[in-house]
K.L.:
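Mind looking over this structure? Questions follow.
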Amino acid sequence: MGTTFGLGELGFLIQGLKWTVLLAAIAFVGGGIGGLGVALARVSTSKPLRRITGGYIALFQGTPLLMQLFVIYYGLGLMGLMLPAWVAVAIAFTLHASAFLGEIWRGAIEALPKGQFEAARALGLHYVPRMRDVILPQALRIALPATIGFLVQLIKGTSLAAIVGFIELARAGQIVSNQTYAPLLVFTVVGALYFALCWPLSLYGSRIEGRIARATAR
Amino acid sequence: MPSTATHTVDAPHAADAPLIVMEDVNKWYGAYHALRDVNLSVRRGEKIVLCGPSGSGKSTLIRCINHLETIKSGRITVDGVRLDDSTRSVDAVRSEVGMVFQNFNLFPHMTVLQNCTLAPMRVRGVTVAAAEATAKRFLERVRIAEHAHKYPAQLSGGQQQRVAIARALCMEPKVMLFDEPTSALDPEMVKEVLDTMVSLARDGMTMVCVTHEMGFARQVADRVIFMADGQILEQADPESFFRHPTHPRARSFLGEILAHH
């Protein structure tokens, strides 16, 4: 009948962990780039751009990630776009992360004192250096705790990719648990692996935050 | 090009054309009429002090000069460049106009030196070495060179404001605008900033200053302009303005602020 939890099973979980890390990495990078675009569009002077990205954010914040995965995976298929599962999932996570990160960063940009924008303008700085050198470094610093918090959520959210057949960490744990009849042990290991992934990120976030705070503190 | 606006101003000939010309400028904030038919011309090297009660439009006026505010009607010309809403004219004007704000507005994530080198590098395209050399020269001039590698938050308000002056000077502007530069400072720091401004004035910089520092006005201003309700009500040399203000609003304003000094 069942097998015992051994190295083979642990290896299977590690395989799942690899997918979790890969999905999270894609979502980080894709969401980082997309989120930056969304945030800049949200604070732009173009009303249509603000409206469109506002609607996009509302849609992705107002629906469950699970549903977004479903719709994109099966929806793209129905539209005749047969993509490998991981591509569809990567698109879904990127869109999801872009909406959330975009909104977090928009808030941070708008939280900066108006004088920062005005001083940059008065010095003659154009849009790109104004944003890149003056506004975004400050906004991202303000947004760092919320950004790290979201990324940690995102890592855990990758478990939902199991719904379209992905064997990532949580799904791998379920499979191993079914084989070994040792759910407590298996999910303890799974939990420890998630923790090992998320905790350093939280730690890194608070360290950077502390460092910047010290550098600019009076 | 530099002579386009001279027909309405009192410049005798084009070579002596005023640096800033504002003609019939009107500005609205919604239903609020912030500037009413403002006409002003500033000669090269001239030092102007703008004063008036709060809400009189003095800050708005100088913020129109570098297009931080847009105007509803009228014309503004800076060093021969007519400010329309085009990026080109705005860029051209901003690169020649330095501004110092009430709240300093230094970039807190950059060192003093980086604050000073950013715009010359990004706008003028000068090298790091050249930008740093210029920055050090101006930091020296505002007597703050020893703090070049500190962050703004490590400096006092007066020091920060002097850095802000140096930062603006690093673009080697033709005119400096000061928007209540000492209003956010603790009293003991006002003097160091005013001294810096006085020395700048002595070196011949064209300056337009919104300030309530009447001692400064007496000392350096060629002309004091009094505003109320978005209008220029009176302008005169400081001596006549302080001795014999003609407009009743100017008289009551002077009575109030001088009573506190």
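Residue numbers begin at 1 in each chain, while the letters A, B, ... track the order of the sequences.
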K.L.:
Could you grab the distance from atom CD of B:Q114 to atom NE2 of B:H109, nearest 0.5 Å is fine?
P.N.:
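That separation rounds to 8.0 Å.
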K.L.:
Heavy-atom pairs under 4.5 Å with chain A are the metric here; pick the option from B:L118, B:V90, B:V97, B:N103 that has the most.
P.N.:
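With the most close heavy-atom pairs to chain A, the winner is B:L118.
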K.L.:
Any idea how A:F100 and A:H96 line up, ring-wise: parallel (<30°), tilted (30 to 60°), or perpendicular (>60°)?
P.N.:
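Tilted: the ring planes of A:F100 and A:H96 meet at 30° to 60°.
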K.L.:
Identify whether the distance between the nearest side-chain nitrogen and carboxylate oxygen of B:R63 and A:E118 falls below 4.0 Å.
P.N.:
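The answer is yes: the pair qualifies as a salt bridge.
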K.L.:
With respect to B:P181, which candidate in B:T196, B:V100, B:V210 satisfies the side chain to side chain contact (heavy atoms under 4.5 Å, CB included) definition?
P.N.:
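Looking at B:T196, B:V100, B:V210, the match for B:P181 under the side chain to side chain contact (heavy atoms under 4.5 Å, CB included) is B:V100.
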K.L.:
What part of B:N66 gets within 4.5 angstrom of chain A, counting heavy atoms only: side chain, backbone, both, or neither?
P.N.:
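The answer is the side chain of B:N66.
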K.L.:
Spell out the residues in residues 25-55 of chain A that have some non-hydrogen atom less than 4.5 Å away from a non-hydrogen atom of chain B, in order of number; otherwise answer 'none'.
P.N.:
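Residues qualifying by a heavy atom under 4.5 Å from chain B are absent, so none.
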K.L.:
Go through the steps to decide whether B:Q159 and B:R162 satisfy the test side-chain hydrogen bond (donor to acceptor under 3.5 Å, both in side chains), and finish with yes or no.
P.N.:
CA-CA 5 Å; B:Q159 290 171 325; B:R162 284 187 283 140; 5.7 Å; no
K.L.:
Kindly determine whether B:M22 and B:L61 satisfy side-chain contact (heavy atoms from CB on, under 4.5 Å), including the steps that lead there.
P.N.:
CA-CA 9 Å; B:M22 301 178 87; B:L61 187 153; 3.6 Å; yes
K.L.:
Which bit of B:L106 is near chain A, if near means a heavy-atom gap under 4.5 Å: side chain, backbone, both or neither?
P.N.:
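It is the backbone, since no side chain atom gets that close.
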K.L.:
Please state whether the side chain, the backbone, both or neither of B:F107 comes within less than 4.5 Å of a heavy atom of chain A.
P.N.:
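It is both, since atoms from each part get that close.
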K.L.:
Are any side-chain N or O atoms of B:E69 and backbone N or O atoms of B:I71, one a donor and one an acceptor, separated by less than 3.5 Å?
P.N.:
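No: the side chain of B:E69 does not pair with the backbone of B:I71.
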K.L.:
Between B:E23 and B:R82, does any NZ, NE, NH1 or NH2 come within less than 4.0 Å of an OD or OE carboxylate oxygen?
P.N.:
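Salt bridge between B:R82 and B:E23, a charged N being under 4.0 Å from a carboxylate O: no.
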K.L.:
Taking only Lys NZ, Arg NE, NH1 and NH2, and the carboxylate oxygens of Asp or Glu, determine whether A:E103 and A:R106 approach each other closer than 4.0 Å.
P.N.:
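Salt bridge: yes.
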K.L.:
Sub-4.5 Å heavy-atom contacts with chain B: which residues of residues 152-166 of chain A show up?
P.N.:
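Result: none.
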K.L.:
Hey, what's the ring geometry for A:Y56 with A:F60, parallel, tilted or perpendicular (30° and 60° as the breaks)?
P.N.:
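The arrangement is tilted - the two ring planes meet at 30° to 60°.
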K.L.:
Under a 3.5 Å cutoff, is there a donor and acceptor pairing between the side chains of A:Q68 and A:T63?
P.N.:
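Judged by distance alone, the side chains do pair up.
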